[in-house]
2 protein chains.
Amino acid sequence: MQTDNFIPCFSIDCVVFGFHNNELRVLLLKLKNLDKWMLPGGFVSYDKDVDEEAIKVLRERTGLDDIFLRQFHLFGKKDRISKSHAQEMVDKKVISEDLKKWFDQRFLSLGYYALVEYSKVKKPEPDPVSEAIEWCPFSELPDLVIDHVDIVQKAHQRLKKELNFQPIGLNLLPDEFTMSELQALYETILNKQLDRRNFRRKMLAFDILKNTGKKRTGNAHKSPILYSFDQEKYQQLLQADHLF
Amino acid sequence: MQTDNFIPCFSIDCVVFGFHNNELRVLLLKLKNLDKWMLPGGFVSYDKDVDEEAIKVLRERTGLDDIFLRQFHLFGKKDRISKSHAQEMVDKKVISEDLKKWFDQRFLSLGYYALVEYSKVKKPEPDPVSEAIEWCPFSELPDLVIDHVDIVQKAHQRLKKELNFQPIGLNLLPDEFTMSELQALYETILNKQLDRRNFRRKMLAFDILKNTGKKRTGNAHKSPILYSFDQEKYQQLLQADHLF
DNA sequence: ACAAAAGTGTTGATCCTACACCCATGG
DNA sequence: CCATGGGTGTAGGATCAACACTTTTGT
């Protein structure tokens with residue numbers, strides 16, 4: 001790692017949300033030789049926009065390019081990283097000795113959250129510091145380094161709030177999906193039950209769903225209609241950001 | 001200025017909103033020897049929380065301590081500061097030669113916005129780089145350095161959005177105020193007219209206003225009731241952050 | 001007495017919520 | 001044929017927008 005190119009004391013952390021088996025999940029890296037996990041993140045080169053670097057992190061980790069990605073908070077407490085953190089990383093051979101100085105800095109970390117379609121993410125090779133990359137259920141996060149739990153929680157709070165202003169789903173669901181699947185997504189994020197019939201009515205009223213004419217069969221019940229998003233109207237609504 | 005103590009490449013900018021003569025205003029500094037203005041801001045010491053430093057900037061500039069202050073965006077474009085900016089500051093003797101190196105860095109700037117009560121702010125002495133400090137009308141901002149116009153605009157956008165989630169006014173109005181004054185504040189921020197009667201009903205429904213029993217006289221019209229905020233209920237509502 | 005802002009109440013439209021029935025499908 | 005989830009409609013309540021009349025004050 002060429003740390004000379006990086007702006008010092010500054011990092012990026014990305015909370016990547018996916019949705020699978022009716023469960024909200026977060027993409028996490030397992031640190032080598034340590035029973036701790038971390039958010040995918042990185043540093044900012046002197047000649048790159050901060051947002052660019054965040055996009056790069058996402059691309060490297062998920063292979064996805066056109067992604068919903070939002071900056072949401074700068075974590076800047078002076079003692080957010082414990083004194084022993086870098087030393088422990090060196091001791092456990094997570095990082096090499098010569099990187100200790102870099103990781104021993106005080107870091108301000110800018111949090112981003114991303115919404116991605118679970119199935120489209122090719123699970124990539126772990127990198128030099130991590131031995132695994134996994135989709136962990138949001139409801140039972142493993143031990144995370146530093147203040148990464150706070151970052152995930154704050155990202156979720158923000159996501160919940162944004163639901164009031166923005167349509168959501170285009171980035172989290174497959175191209176075709178049923179109304180129930182869309183509802184399950186909302187219920188998971190908001191962590192509360194919604195009325196099936198009212199939900200449908202409301203969603204259709206937004207006029208961002210296209211009935212594909214197809215149905216999903218094989219479910220031992222009535223076959224539900226498959227919908228897709230009307231990309232154009234969806235984007236319009238995203239811009240508008242009026243209340244939902 | 002002891003730049004050694006500061007985290008490099010990182011600054012804070014504060015958009016301080018005030019309300020006076022039915023007008024939204026922003027606190028700005030006029031640069032010495034230059035026909036440009038800037039937002040009050042500062043840098044972050046290695047041993048201080050970022051939020052602490054923002055509070056400090058506000059205290060130094062307004063004399064106020066207990067202030068509504070929110071982080072809202074990190075401005076991180078690589079070319080947000082023009083190459084010639086630092087040189088110009090040196091040429092015009094805004095900063096001394098030995099500070100050129102510091103100001104020639106690439107800076108990421110964290111934007112905060114604050115709401116303050118205009119009348120409580122003692123207009124302080126300008127500092128070494130500025131020759132004046134003024135409340136400029138938001139609707140007709142002067143020439144600002146770097147991307148400070150964008151920062152102000154984005155702060156205003158965010159403020160508008162937050163109005164949907166939070167009560168506002170406690171920080172922008174004097175202790176006692178009329179319903180019309182409160183309405184004028186909302187109308188100014190939202191930049192649209194509201195119905196007088198519906199506004200009153202809605203506000204009273206929130207149950208955060210106390211009728212002081214007093215009236216404002218001397219206006220050649222019916223004397224309006226003076227209200228004050230019920231601090232306790234106001235704070236409760238702030239926490240709750242449900243929709244307004 | 002009058003001009004102008006302040007206080008108050010009502011009505012219709014709209015939106016949201018709660019709820020019940022029939023339909024289709026695979027087992 | 002039946003269990004189960006999927007599709008549809010409706011009635012009551014709450015909320016919001018639009019609007020008009022009366023009151024108070026200084027001049």
Side-chain angles (χ1 to χ4, degrees), chain A residues 19 21-23 160 163-167 169 173-174 176-188 190-228 237 240 242-244, chain B residues 21-23 160 163-169 173-174 176-188 190-228 237 240 242-244:
Chain A
F19 189 65
N21 284 346
N22 279 0
E23 213 178 21
K160 261 163 70 174
L163 267 198
N164 291 308
F165 289 96
Q166 300 183 351
L173 292 174
E176 300 187 338
F177 51 89
T178 67
M179 192 61 79
S180 299
E181 287 163 357
L182 182 59
Q183 184 178 343
L185 171 62
Y186 270 78
E187 289 181 337
T188 304
L190 296 174
N191 194 28
K192 70 174 175 192
Q193 301 294 109
L194 302 172
D195 182 274
R196 194 165 59 86
R197 295 151 286 192
N198 295 333
F199 180 81
R200 159 183 298 270
R201 186 180 7 250
K202 199 169 170 182
M203 278 301 145
L204 291 176
F206 289 143
D207 196 30
I208 52 174
L209 294 179
K210 280 190 304 195
N211 185 331
T212 63
K214 290 182 255 180
K215 301 200 170 196
R216 167 160 307 148
T217 58
N219 276 23
H221 310 301
K222 184 167 180 176
S223 301
I225 300 170
L226 283 170
Y227 292 94
S228 66
L237 215 50
H242 55 60
L243 276 181
F244 262 56
Chain B
N21 283 347
N22 278 3
E23 214 178 18
K160 259 162 70 173
L163 267 198
N164 290 308
F165 289 95
Q166 299 182 352
I168 229 160
L173 293 174
E176 301 187 338
F177 51 90
T178 67
M179 191 63 77
S180 299
E181 286 163 358
L182 182 58
Q183 182 178 345
L185 171 62
Y186 271 77
E187 289 181 336
T188 304
L190 296 174
N191 194 28
K192 71 173 174 190
Q193 301 293 109
L194 302 172
D195 182 274
R196 195 165 60 86
R197 294 151 286 190
N198 294 333
F199 179 81
R200 159 183 298 269
R201 182 175 16 246
K202 199 169 171 181
M203 278 301 145
L204 291 176
F206 290 142
D207 197 31
I208 52 175
L209 295 179
K210 282 190 303 195
N211 184 331
T212 63
K214 290 182 255 180
K215 303 201 168 194
R216 169 160 306 149
T217 57
N219 277 22
H221 309 299
K222 184 168 180 177
S223 301
I225 300 170
L226 283 170
Y227 292 94
S228 66
L237 216 51
H242 54 60
L243 276 181
F244 263 56

Could you give the CG-to-C1' distance, from B:Leu204 to C:dG9, as a whole number of Å? 14 Å
Which sits closer to the 5' end of DNA chain D, A:Asp195 or A:Lys222, going by the nucleotide each is nearest to? A:Lys222
In whole Å, what is the span from the CD atom of B:Gln193 to the C1' atom of D:dA17? 15 Å
Looking for any heavy atom pair under 4.0 Å, which part of the strands does A:Thr178 touch: base, sugar-phosphate only, or nothing? nothing
Could you tell me whether the side chain of A:Phe19 reaches within less than 4.5 Å of the side chain of A:Glu181, counting heavy atoms only? no
Closest approach to the side chain of A:Arg196, judged atom by atom: which nucleotide of C:dG7, C:dA20, C:dA24 is it? C:dA20
In whole Å, what is the span from the CG atom of A:Asn198 to the P atom of D:dG12? 16 Å
Kindly say whether B:Leu194 contributes a backbone atom to a donor-acceptor pair with the side chain of B:Glu187 at under 3.5 angstrom? yes
Phosphate contact (D:dT8 OP1 or OP2) by A:Arg200 side-chain N/O below 4.0 Å: yes
Against the side chain of B:Arg201, the closest entry in C:dT10, D:dT25, C:dA18 is C:dT10
Can you tell me the distance, in whole Å, between the CE atom of A:Met179 and the C1' atom of C:dC23? 17 Å
Would you say B:Thr212's side chain and B:Leu226's backbone share a donor-acceptor pair under 3.5 angstrom? yes
Euclidean distance, A:Gln183 CD relative to A:Arg197 CZ, rounded to 0.5 Å: 10.0 Å
CZ of A:Arg216 versus C1' of D:dG7: gap in Å, rounded? 16 Å
Take the protein atom CG of B:Asn22 and the nucleotide atom C1' of C:dA5, then report the distance between them rounded to whole Å. 14 Å
Approximate separation, where rounding is to 0.5 Å, of B:Leu204 CG and B:Asn211 CG: 9.0 Å
Of the listed nucleotides C:dA18, D:dG6, C:dA5, the one nearest the side chain of B:His221: C:dA5
Contact nearer the 5' end of DNA chain C, comparing A:Arg197 with A:Asn219: A:Arg197
Which whole-number value in Å describes the distance from B:Lys215 NZ to C:dG7 C1'? 8 Å
When rounded to whole Å, the CD to C1' distance for the pair B:Glu181 and C:dA5 reads 13 Å
D:dG5, OP1 or OP2 - any side-chain N/O from A:Ser180 closer than 4.0 Å? no
